[in-house]
Protein chains: 2
Amino acid sequence: MFTKATEYALRATIYIAQKGSEVAKLGIDEIAVAIDSPRSFTAKILQLLSRDNHIISSVRGPNGGFYLTEKAKSLPISCIIQAMGEEEMLEKCVLGLKQCSETQPCPMHLQFKPIRKQLKDMFSNKTIREFAAEIKDGVIFICNR
Amino acid sequence: MFTKATEYALRATIYIAQKGSEVAKLGIDEIAVAIDSPRSFTAKILQLLSRDNHIISSVRGPNGGFYLTEKAKSLPISCIIQAMGEEEMLEKCVLGLKQCSETQPCPMHLQFKPIRKQLKDMFSNKTIREFAAEIKDGVIFICNR
DNA sequence: ATAATAAAGGATAGTTTTGCCCTTATTTAT
DNA sequence: ATAAATAAGGGCAAAACTATCCTTTATTAT
């Protein structure tokens, strides 16, 4: 569904939103272990999400690390998908046809239409905070510890 | 959603099912132009679908080409996805977590569950014939000619 | 000030996917 | 039989994606 990079981006962001805060930032080592992702690759992704997209906040030096502001936690999950450059996934024709549209639909267009809508709703109506919160509610998990 | 290879596989198969027959086989050149795909790459894919998976039939030599038997047209679209090795797409955790399951769901698991079901239904309940047929019914298209 | 810590950034390597070319094998038509 | 047509198949190149390593910069604590 998503690339590895986007999967790591989603996992890392949700994990940081849940476990971190401005006064308890999380280091890249902890994050990578927790979400089971390659350390340096994940670092690059977090860099992108903080430098270019301001979804994640970061501070260097001792006691530095990553965290999300309360404002950032209110962003919809689709922001992360967008930041990773995969927003077209939610628009693209299932068969990859450029010309596919409402007026010139591919054979799967109609069938897929309601599914696409639900996908879009799921990603744009739910915030990072909401997905992070679910982890705390007992059963739901995201990490290794 | 799918890889390029699978997109081409789906487009080519649906196109062949619609335009070809045992007595009017389609050549790789026509197919590639019609579905707007790279010729040789598409040839490899058709080879895979015919040699290993018996979804497409092929004959060499003059008047040779590709076609689908009536039996093959009755196969569900999921057969093509499976043949291309992407069947896990319909099972995999959205966040790519190996441990994600009903009893240990990731934060997106519950939200995504009904969507996954609809995707699975769409691909396993509709046949190649049905998708090919829709093309003929006026509006719906798949090709460049 | 200095040293230690942790992210930022650059370079590069490995892997997979996508795409192309050329030769070979098979079938048909003459 | 021979030639022509057409898929099969091998090899390789380009691009994208994934991953690692090392150096630099910023921050904090002493």
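Convention: sequence-line order gives letters A, B, ...; per-chain numbering from 1.
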>> Strictly below 4.0 Å, N to O, side chains only: are A/Lys92 and B/Glu7 in salt-bridge contact?
In response: yes
>> We want to know whether B/Thr127 and B/Ser74 form a side-chain donor-acceptor pair, criterion being a heavy-atom distance below 3.5 angstrom.
In response: no
>> Tell me if the aromatic rings of A/Phe123 and A/Phe2 count as close, with their centers under 6.0 Å from one another.
In response: yes
>> Rounding to an integer number of Å, can you tell me how far B/Phe41 CZ sits from D/dG10 C1'?
In response: 16 Å
> Once you round it to whole Å, what is the distance between P of C/dA6 and CD1 of A/Ile16?
Replying inline: 15 Å
>> Quick check on contacts: within residues 1-9 of chain A, what sits under 4.0 Å from DNA chain C by heavy-atom distance?
In response: none
> Apart from A/Tyr67 itself, which Ile, Leu, Val, Met, Phe, Trp or Tyr residues share its cluster (side-chain heavy atoms under 4.5 Å, direct or through members)?
Replying inline: A/Val59
>> Under a 3.5 Å cutoff, is there a donor and acceptor pairing between the side chains of B/Gln104 and B/His109?
In response: no
> What is the distance, rounded to the nearest whole Å, between atom CZ of B/Arg39 and atom P of D/dA8?
Replying inline: 11 Å
> Hey, is A/Lys19 close enough to A/Glu30 for a salt bridge, meaning N to O under 4.0 Å?
Replying inline: no
> To the nearest Å, how far apart are B/Ile28 CD1 and C/dC22 C1'?
Replying inline: 16 Å
Give every pair of a protein N or O atom and an N or O atom of nucleotides 12-16 of chain C that lie under 3.5 Å apart, one pair per line with the distance.
none

> Of all of residues 44-57 of chain A, which get a heavy atom below 4.0 angstrom from DNA chain C, listed by number?
Replying inline: A/Lys44, A/Gln47, A/Ser50, A/Arg51
> Reading nucleotides 24-30 of chain C from the 5' end, what letters show protein touch, with B for base, S for backbone sugar-phosphate only, - for no heavy atom under 4.0 Å?
Replying inline: -BBBBS-
> OP1, OP2 of C/dA8 versus side-chain N and O of A/Ser58: anything below 4.0 Å?
Replying inline: yes
> Between B/Lys98 and A/Asp36, is the closest basic N to carboxylate O distance under 4.0 Å?
Replying inline: yes
>> Using the side chain to side chain donor-acceptor pair (under 3.5 Å) criterion, which residues pair with A/Thr6? Sequence neighbours excluded.
In response: A/Thr3, A/Glu86
> Could you state the interatomic distance from CD (B/Gln118) to NZ (B/Lys113), rounded to the nearest 0.5 Å?
Replying inline: 13.5 Å
>> Assess, by modelled atom type and distance only, whether the side chains of B/Thr42 and B/Ser37 contain a donor and an acceptor separated by less than 3.5 Å.
In response: yes
>> Rounded to whole Å, please give me the gap between CD in A/Glu86 and P in D/dA16.
In response: 14 Å
> Atom NZ of A/Lys25 and atom P of C/dA8: how far apart are they, to the nearest Å?
Replying inline: 12 Å
> Heavy-atom distance under 4.5 Å between the side chains of A/Lys120 and A/Glu91, does that happen here?
Replying inline: yes
>> With a 4.5 Å cut-off on side-chain heavy atoms, are B/Leu68 and B/Leu75 touching?
In response: no
> Can you tell me if CD on B/Glu22 sees more than 12 non-hydrogen neighbours from other groups inside 6.0 Å?
Replying inline: no
